[in-house]
Protein chains: 2
Amino acid sequence: MATGPLLLPNGYDGTVTDATESATVPASTKRGRGEKSSATIYDIAKLAGVNPSTVSRALSKPGRVSAKTQKIIEDAAEQLNYQVNPFARALPTGRTQTIGLIVADITNPTFFDIIRGAETTAAARDYTLVLAESAESPETEITAARRMMGTVDGLILASPRMDDELIRELASGKPVAVINREVDGVPCVVPDVNKGISEAVRSLAANGHKNVAYVAGPPQSWMSVRRWEGVQAACEWSKLKAVRLESSKPTVDGGRQVARDVMDSGATAVITYNDLLAIGLMQELQAGGMRVPDQISIVGFDDIFGADFTTPPLTTVRSPLGECGSRAALLLLDLLLGQAGPEGTVRVETELVLRGSSGRLLVAN
Amino acid sequence: MATGPLLLPNGYDGTVTDATESATVPASTKRGRGEKSSATIYDIAKLAGVNPSTVSRALSKPGRVSAKTQKIIEDAAEQLNYQVNPFARALPTGRTQTIGLIVADITNPTFFDIIRGAETTAAARDYTLVLAESAESPETEITAARRMMGTVDGLILASPRMDDELIRELASGKPVAVINREVDGVPCVVPDVNKGISEAVRSLAANGHKNVAYVAGPPQSWMSVRRWEGVQAACEWSKLKAVRLESSKPTVDGGRQVARDVMDSGATAVITYNDLLAIGLMQELQAGGMRVPDQISIVGFDDIFGADFTTPPLTTVRSPLGECGSRAALLLLDLLLGQAGPEGTVRVETELVLRGSSGRLLVAN
DNA sequence: TTGTAAGCGTTATCAT
DNA sequence: ATGATAACGCTTACAA
């Protein structure tokens, strides 16, 4: 997907429908008086006839103030439509009630499940999610991580591309959780590929396949290596031959581009690093006249949204991505609340989702 | 200028270029536990032999100090591995270098594109994206919006469910941009449905359809109303009958549930509020033995990821969602930088994407 | 239980 | 050009 169209230069070619001249000034830059800007604890204190510090206590740590004044203060706050200023609060405390999430590629639907899981869980605990992407680039990732570390209470790295050492350094400053990769000394959430892969390979073997190709993901991807190892092991166990093919990028387009290599490999079954590759590959193979799964079986990874819309629907090893995001957020939140959970790696199960893109070979090879 | 490098928390620098590790340790404050705190402008001031305010000037508005002291200060900052404290900076200025985005439903792929567009554009301008969802609930949306208003420089509301008045109220505090809805006095980015819809309806009419059903979205959805109006107008123009059907929710599942009503309506062509509904509807109709498009044509809205994976691939009126997100972010950013763009609505074009789910009726009704 | 006051790190408004 | 100093809104010992 081209990012070009997204980076629009400063030009509005849209139709302006507002007939009235712009009257009201947003008053965005000025602060202080004049503006009906948010009330402070001082305003509340005045209205409630108490000291600002009492207001602070009542609003931040309930219980440290008498029930009576508590109510008075809360009413006053309500009346003034009070909103805490998170920055003023963060200055003394260092806490911001936000957690950061950095994903490798916003373009990739895989990460949307993760984002969703993390956001939902964070919101449920009254935390806000801050999002950034690394565009599959270690440098961009590091930059984003550093910028975020200043503003968030904790950070989730989904499929990080940076060095282990760098991750540990980040983790030494603030709580960090990693998804889709295992880093020593850092809490991680990792789908355990073995179950899903062995199910997939067993299924392929049972359908008479002998030669399996694995289409790899980005070189920096820890998960891609793990999956390849899993495929190798499972193929060995099932007495199948496995070859590894490179892809240019882990996208639908990358899948299309690798179709030729797949054909040349002589494999009758392909397992791809992710569903996007699988979908692109299938499209290209079908466009070239191949019948799936009669002539070639295709198995993806992740079970992203839309994987079951393809023709035939995609067989895939499902990773519970939403759960990963949620678990990582939970890990972080527990860490933040001092309830240090288990330091080790959280493993979530994978499973084969058997659909139409894999099956018995109908044509002799 | 990138603020990234300045935001490095202490000891986070992975690419250490400084050989002298033992360099002066910044005056560590007694805050909390023995956490290694960051250097402040006071530390730099002391090291550079200047006043803290001079340091602030040098680091925030280059050009207000002499070139000589500028260099001295920058060197000292470098040596101390200084990073600005965003909270401290935000307190007097109110600026946070972040923009907020609230979407109606994180689960809905429609918003993925919007999120992507907004994040990409924001990141390109060195802004960070803060994300929240309203879960289609006006109340949740307002809560999230209020919470966010405190922490962000500007807010994007994608398909907001709250009242116009509330939106204007929010907009009176800080820059707000709205996507998929038109609110008087607030900058909006709205796909202009007319072109796409008239193309769609003309196509249906050309294929012999007489009765069209529109499956509506959530009642609060401004866009749903707009689309229905568009469908009505276009049908009238083409001399087709149009009926409106309710859906329980704008999801794949909601689409399945509305299948019966669609059948009962006697329509031979259906236009749904969004692609999700269309996909669910198509699945359910096909499961019930209907052939698409031979017996019934289906047209969706948005052209979300995966819309072309279905069997047959989905005909849909494409909204440039990514562009919407990007434009909204741009609008906000321009507003923030004082380059107030046009106050009115930015309209982006829609177009019919003709695929296999719509076509000529093969069975007499 | 509540009031007092000292920060938190920066920016902004004065002087100088 | 640079130096003091007062905000910014909130938390938190420390008193009362």
Side-chain angles (χ1 to χ4, degrees), chain A residues 29-35 37-46 48-73 76-77 80-97 150-151, chain B residues 3 6-10 26-33 35 37-73 76-77 80-97 149-151:
Chain A
T29 48
K30 78 163 178 208
R31 57 195 170 73
R33 47 196 118 265
E35 198 179 7
S37 74
S38 39
T40 74
I41 55 171
Y42 285 83
D43 300 319
I44 297 176
K46 210 182 301 174
V50 296
N51 192 278
S53 65
T54 306
V55 176
S56 172
R57 275 188 285 259
L59 263 31
S60 53
K61 321 181 147 174
R64 286 295 293 163
V65 91
S66 82
K68 199 178 91 186
T69 44
Q70 175 81 31
K71 168 131 185 57
I72 295 177
I73 288 171
L80 293 176
N81 190 18
Y82 170 78
Q83 297 287 126
V84 291
N85 180 327
F87 302 107
R89 172 172 284 178
L91 199 43
T93 62
R95 291 270 168 114
T96 66
Q97 292 283 108
T151 42
Chain B
T3 58
L6 294 181
L7 292 169
L8 291 176
N10 217 15
S28 164
T29 47
K30 70 290 177 185
R31 168 154 42 100
R33 33 219 183 161
E35 220 162 29
S37 72
S38 326
T40 74
I41 56 172
Y42 284 85
D43 300 315
I44 297 175
K46 210 183 302 173
L47 185 60
V50 296
N51 190 278
S53 62
T54 306
V55 176
S56 173
R57 274 189 285 260
L59 263 31
S60 54
K61 314 180 155 178
R64 286 301 290 163
V65 304
S66 77
K68 200 178 90 187
T69 44
Q70 176 80 30
K71 169 135 183 53
I72 294 176
I73 288 170
L80 293 177
N81 188 18
Y82 168 80
Q83 333 96 57
V84 292
N85 180 326
F87 310 120
R89 172 173 284 179
L91 200 42
T93 62
R95 291 274 170 109
T96 67
Q97 292 282 111
M149 282 303 263
T151 37

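Note on naming: letters A, B, ... go to the chains in the order of the sequence lines (proteins, then strands), and numbering restarts at 1 for each one. Below, each value reflects all heavy atoms present in this structure, side chains not excepted, and no hydrogens, waters or symmetry copies. Everything quoted here is computed from the prediction, not taken from an experiment.
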**Item:** Side chain proximity check, A/V84 to A/L59, heavy atoms < 4.5 angstrom
**Value:** no
**Prompt:** Rounded to whole angstroms, how far apart are CZ on B/R64 and C1' on D/dG3?
**Reply:** 14 Å
**Fill in**
Reading nucleotides 10-16 of chain D from 5' to 3' and marking B where a protein heavy atom lies under 4.0 Å of the base, S where only the sugar-phosphate is that close, and - otherwise, the string is BBBB---
**Prompt:** C/dT10 C1' sits how many Å from B/I44 CD1, rounded?
**Reply:** 12 Å
**Asked** In whole angstroms, how far is the P atom of C/dG3 from the CD1 atom of A/I72?
**Response** 11 Å
**Request:** For the pair B/T96 (side chain) and B/A90 (backbone), establish whether a donor and an acceptor sit closer than 3.5 Å, ignoring hydrogens and angles.
**Result:** no
**Message:** Suppose we screen for salt bridge (charged side-chain N to carboxylate O under 4.0 Å, His left out). Which residues come up paired with A/K46, at least two apart in sequence or across chains?
**Reply:** none
**Request:** Using a cut-off of strictly less than 4.0 Å, decide whether B/N51 has a side-chain nitrogen or oxygen near OP1 or OP2 of D/dT2.
**Result:** no
**Prompt:** Below 4.5 Å, heavy atoms only, C-beta onward: do A/L80 and A/I44 meet side chain to side chain?
**Reply:** yes
**Item:** Whole angstrom value for the distance that separates P of C/dT11 from CD of B/Q97
**Value:** 12 Å
**Prompt:** Rounding to a whole Å, what distance do you find between B/L91:CG and C/dC8:C1'?
**Reply:** 9 Å
**Message:** As an exercise, state the distance from CD1 of B/I72 to CD of B/Q70, rounded to the nearest 0.5 Å.
**Reply:** 10.5 Å
**Asked** Would you say the side chain of B/Y82 lies within less than 4.5 Å of the side chain of B/I41, judging by non-hydrogen atoms?
**Response** yes
